[in-house]
Amino acid sequence: MSDLSNSSQEKFPKDSEFAKEGTEIIKNPSALSSNDDEGREPTDEEMKSLRHISGSIPLRCWLVAIVELAERFSYYGLSAPFQNYMQNSPHDSPKGILALDQQGATALSYFFQFWCYVTPIFGGWLADTYWGKYKTIFFFCIIYIIGIFVLFITSLPAITSRSTALGGFITAIVIIGLATGGVKSNVSPLIADQVPKTRPVIKILKSGERVVVDPNITIQNVFMFFYLMINVGSLSVIATTQLEHHIGFWAAYLLPFCFFFIALAALILGRHQYVKTPVSDKIINKTFQCLWIGMKNGFKLDAAKPSYHPEKQYPWTDKFVEEVKRAIYGCKVFIYYPVYWVTYGQMVNNFVSQAGQMELHGLPNDILQAINSISIIIFIPICERFIYPFIRKFTPFKAITKIFFGFMFATSAMVYAAVVQHYIYKAGPCYEFPKACAPEFRTVPNEIHIAVQIPAYVLIALSEILASVTGLEYAYTKAPVSMKSFITSLFLVTNAFGSAIGIALSSVSKNPKMVWTYTGLSVACFLGGCLFWICFHHYNDKEEELNRLEYASEEEYNGGATALRPTTSLSQSIKSLA
């Protein structure tokens with residue numbers, strides 16, 4: 001365990017390893033022949049005219065991905081049965097425990113989501129200020145296991161009453177939510193940290209085509225790959241919903257408890273291989289001091305630059321102020337995400353309740369969440385290998401454009417859900433009050449097949465690839481290297497705001513209002529997407545300029561030497577040596 005206490009120490013490939021990636025700065029590329037193009041930095045014209053491709057992804061990324069796969073396996077596996085567990089009683093069909101009805105269950109479900117996405121703020125701050133990403137993830141994985149164990153024990157039929165189950169459930173989701181925040185805010189920046197920070201370079205393909213190996217495309221692919229692993233893990237819903245349906249909730253929660261130990265194993269096995277960004281001393285405090293100075297000077301952050309006020313002796317550099325400005329650009333983009341997340345959240349609560357009103361034909365009503373994961377697993381490689389490269393042949397397919405289309409696909413999912421709900425209300429025997437029109441129909445669904453829900457899950461999956469993956473990528477690439485976890489946590493906290501909106505709307509999550517609920521969400525998501533595009537479409541034009549800060553050294557920024565230094569090569573702070 002000694003490696004944990006030293007986990008925030010700097011651990012990077014040597015400069016020679018970055019040189020092996022083919023990155024070198026040549027002062028006069030125009031003097032070279034075409035045979036010497038390999039490995040040089042492209043000109044501005046070449047950056048615009050040549051096709052951009054991804055670099056290679058290091059094998060150490062896989063170990064981080066296993067951690068995320070195991071964590072998401074456990075998270076989705078245990079949360080998939082939550083709606084039935086909370087909404088129904090042991091005498092209902094489907095069976096449950098807490099008997100909170102649809103409104104109560106939906107509100108508590110949104111509270112769990114809210115808590116899971118508020119706590120990343122704490123996890124990001126802890127990692128960037130004191131422990132580093134690796135040690136923070138390891139600690140919160142242990143907390144996670146404790147939370148799942150509480151959930152498992154209090155769901156055992158031999159010792160569970162309704163009051164015991166309710167108390168254990170609330171205790172467990174508080175512990176699990178705290179642990180989720182500590183892991184989620186750090187695992188995506190950690191996997192991206194494993195990719196060497198290099199400049200774009202020219203590469204000659206076997207076909208003779210000259211292309212640009214673009215580190216931004218590499219990072220895009222890393223996050224696509226990262227999201228793919230999330231959804232491989234989330235296929236656990238197939239197993240846990242079947243265990244819930246055929247054995248009991250305790251069996252559904254035992255499987256994630258056992259599986260989570262794989263995450264700990266991957267962390268321990270990879271502790272000597274991971275690139276670990278050193279902790280910067282009180283970096284979050286410095287950032288807020290910098291912002292405060294800017295606010296006092298008419299929201300002009302340049303006022304916080306040491307070159308403007310050398311007499312102030314600020315404990316940061318001009319480049320740090322520019323990085324904070326870039327982070328603010330990234331955070332502005334997150335403003336409309338709560339509207340997206342409240343739409344996305346329907347998949348884990350109201351969609352499950354909607355399925356419970358339909359003919360299941362032997363399937364658990366919460367198993368169709370797996371369709372979302374399967375769709376993402378299918379479409380991510382298609383997007384990465386075919387769709388995105390095809391679009392890039394004609395026009396850059398940049399982050400803001402992707403996010404806008406993500407909003408539009410989420411809108412279409414809500415429109416489709418409203419149509420499905422309309423047909424449920426038109427079907428007998430209970431029409432607008434499924435399973436509630438008479439005591440004898442308490443377990444009899446309306447006559448419509450559960451399979452008609454599938455397109456809604458597919459549309460949500462497409463929206464995630466465009467909006468959620470790109471949001472994670474944007475949070476990472478626009479954050480200063482010393483604040484990757486904290487800025488990622490700010491993106492994740494937008495999900496908490498979406499959950500808060502969902503809690504406020506839970507009063508309308510009941511029959512016969514569900515058509516209007518879905519319709520209202522579709523209108524809100526459409527308007528949110530349009531406003532997002534109006535406010536931020538011009539950010540696409542600034543993408544390359546903002547990304548250059550990721551690779552510029554302090555000397556380059558100040559007009560000095562031209563030697564490339566990866567931004568992860570930071571000076572060690574006192575805490576990183578502790």
Side-chain angles (χ1 to χ4, degrees), residues 76 79-80 83 102 106 109-110 113 117 227 230-231 234-235 237 336-358 365-380 382-383 387 401-425 448-472 494-495 497-499 501-502 505-506 508-509 513-533:
Y76 285 108
S79 62
Q83 189 74 1
Q102 184 173 350
T106 299
S109 170
Y110 271 123
Q113 293 177 52
Y117 288 98
Y227 215 76
I230 288 175
N231 285 278
S234 68
L235 289 177
V237 303
Y336 292 99
Y337 263 92
V339 179
Y340 172 80
W341 291 125
V342 72
T343 302
Y344 168 85
Q346 301 303 303
M347 184 176 65
V348 296
N349 45 57
N350 282 326
F351 278 17
V352 176
S353 298
Q354 184 185 68
Q357 303 164 3
M358 305 162 74
N365 67 312
D366 42 15
I367 197 172
L368 284 191
Q369 294 174 65
I371 296 296
N372 172 265
S373 302
I374 293 169
S375 300
I376 290 173
I377 292 168
I378 291 171
F379 283 116
I380 278 182
I382 292 173
C383 287
I387 297 177
T401 307
K402 291 179 186 177
I403 294 169
F404 168 75
F405 281 109
F407 272 76
M408 295 303 103
F409 274 107
T411 298
S412 62
M414 291 303 101
V415 171
Y416 185 82
V419 172
V420 170
Q421 193 68 51
H422 170 72
Y423 279 101
I424 290 174
Y425 287 161
I448 183 168
H449 200 292
I450 189 177
V452 301
Q453 259 198 336
I454 289 175
Y457 284 99
V458 174
L459 291 168
I460 287 286
L462 292 171
S463 79
E464 283 184 76
I465 293 171
L466 291 163
S468 184
V469 176
T470 309
L472 279 171
T494 61
N495 201 318
F497 292 133
S499 298
I501 297 171
L505 295 176
S506 61
V508 297
S509 296
K513 299 179 180 180
M514 291 307 300
V515 171
W516 291 107
T517 299
Y518 292 129
T519 302
L521 288 170
S522 66
V523 171
C525 194
F526 177 78
L527 293 177
C530 291
L531 289 172
F532 172 85
W533 178 256

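The basis for the numbers below is simple: all heavy atoms, side chains too, and nothing from hydrogens, waters or symmetry mates.
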Q. Is there side-chain contact between Val348 and Ser79, with heavy atoms separated by less than 4.5 Å?
A.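 When only atoms from C-beta onward are counted, Ser79 and Val348 do not touch, as no gap falls below 4.5 Å.
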(Q) Within the 4.5 Å heavy-atom criterion, are Met514 and Tyr425 side-chain neighbours or not? (A)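 Heavy-atom side-chain distance check passes, below 4.5 Å.
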Within the distance-only criterion (no hydrogens, no angle test), does the side chain of [X] pair as donor or acceptor with the backbone N or O of [Y] below 3.5 angstrom?
X	Y	value
Ser412	Phe409	yes
Thr517	Val508	yes
Tyr110	Asn349	no
Ser522	Thr519	yes
Ser375	Val458	no

Q. Does the side chain to side chain contact (heavy atoms under 4.5 Å, CB included) test come out yes or no for Tyr518 and Asn350, once each step is laid out?
A. CA-CA 10 Å; Tyr518 292 129; Asn350 282 326; 3.4 Å; yes
Just how far is it from atom [atom1] of [X] to atom [atom2] of [Y], taken to the nearest 0.5 Å?
X	Y	atom1	atom2	answer
Ile465	Cys383	CD1	SG	5.0 Å
Asn365	Ser353	CG	OG	7.5 Å
Phe379	Ile382	CZ	CD1	6.0 Å
Asn495	Tyr117	CG	OH	5.0 Å
Leu531	Phe407	CG	CZ	9.5 Å
Thr106	Gln346	OG1	CD	8.0 Å

Pairs of donor and acceptor atoms involving the side chains of residues 417-424, under 3.5 Å and at least two apart or interchain, shall be tabulated with distances.
unit_1	atom_1	unit_2	atom_2	d
Gln421	OE1	Gln354	NE2	3.0
Gln421	NE2	Gln357	OE1	3.2

Q | Ile454 and Tyr416: CA distance, side-chain angles, deciding distance, side chain to side chain contact (heavy atoms under 4.5 Å, CB included) verdict | A | CA-CA 10 Å; Ile454 289 175; Tyr416 185 82; over 6 Å; no
Q) Considering residues, nucleotides and ligands other than Phe526, do more than 12 of their heavy atoms fall under 6.0 Å from its CZ? A)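 No, the 6.0 Å shell around CZ holds no more than 12 heavy atoms from other groups.
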Q | Within 6.0 Å of CZ in Phe497, more than 12 heavy atoms from elsewhere | A |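 Result for CZ/Phe497: open.
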Q. Going through the distances and angles, do Ser468 and Tyr227 end up as a side chain to side chain donor-acceptor pair (under 3.5 Å)?
A. CA-CA 9 Å; Ser468 184; Tyr227 215 76; 3.1 Å; yes
(Q) One pair to check against ring-ring contact (aromatic ring centres under 6.0 Å, His included): Tyr457 and Phe351. What are the steps and the verdict? (A) CA-CA 9 Å; Tyr457 284 99; Phe351 278 17; 5.4 Å; yes
For [X] against [Y], the heavy-atom pair lying closest together:
X	Y	result
Met358	Ile448	CB-O, 3.3 Å
Ile460	Tyr344	CG2-CD1, 3.9 Å
Ala355	Gln453	CB-OE1, 3.5 Å
Tyr340	Ala410	CE1-CB, 3.7 Å
Met408	Cys525	CE-O, 4.4 Å

Q: Check the pair Tyr337 / Ile403 against side chain to side chain contact (heavy atoms under 4.5 Å, CB included), numbers first and verdict last.
A: CA-CA 10 Å; Tyr337 263 92; Ile403 294 169; 3.4 Å; yes
Q) Are Ile376 and Ile230 close enough, and set up right, to give a side chain to side chain contact (heavy atoms under 4.5 Å, CB included), and what steps lead you there? A) CA-CA 10 Å; Ile376 290 173; Ile230 288 175; over 6 Å; no
Using distance only, find each side-chain donor-acceptor pair of residues 367-374 under 3.5 Å and give its atom names and separation, not counting sequence neighbours.
unit_1	atom_1	unit_2	atom_2	d
Gln369	NE2	Asp366	O	3.2
Asn372	ND2	Glu464	OE2	2.9
Ser373	OG	Ser234	OG	2.3

**Q.** Test log, rule side chain to side chain donor-acceptor pair (under 3.5 Å), inputs Ser499 and Trp341
**A.** CA-CA 7 Å; Ser499 298; Trp341 291 125; over 6 Å; no
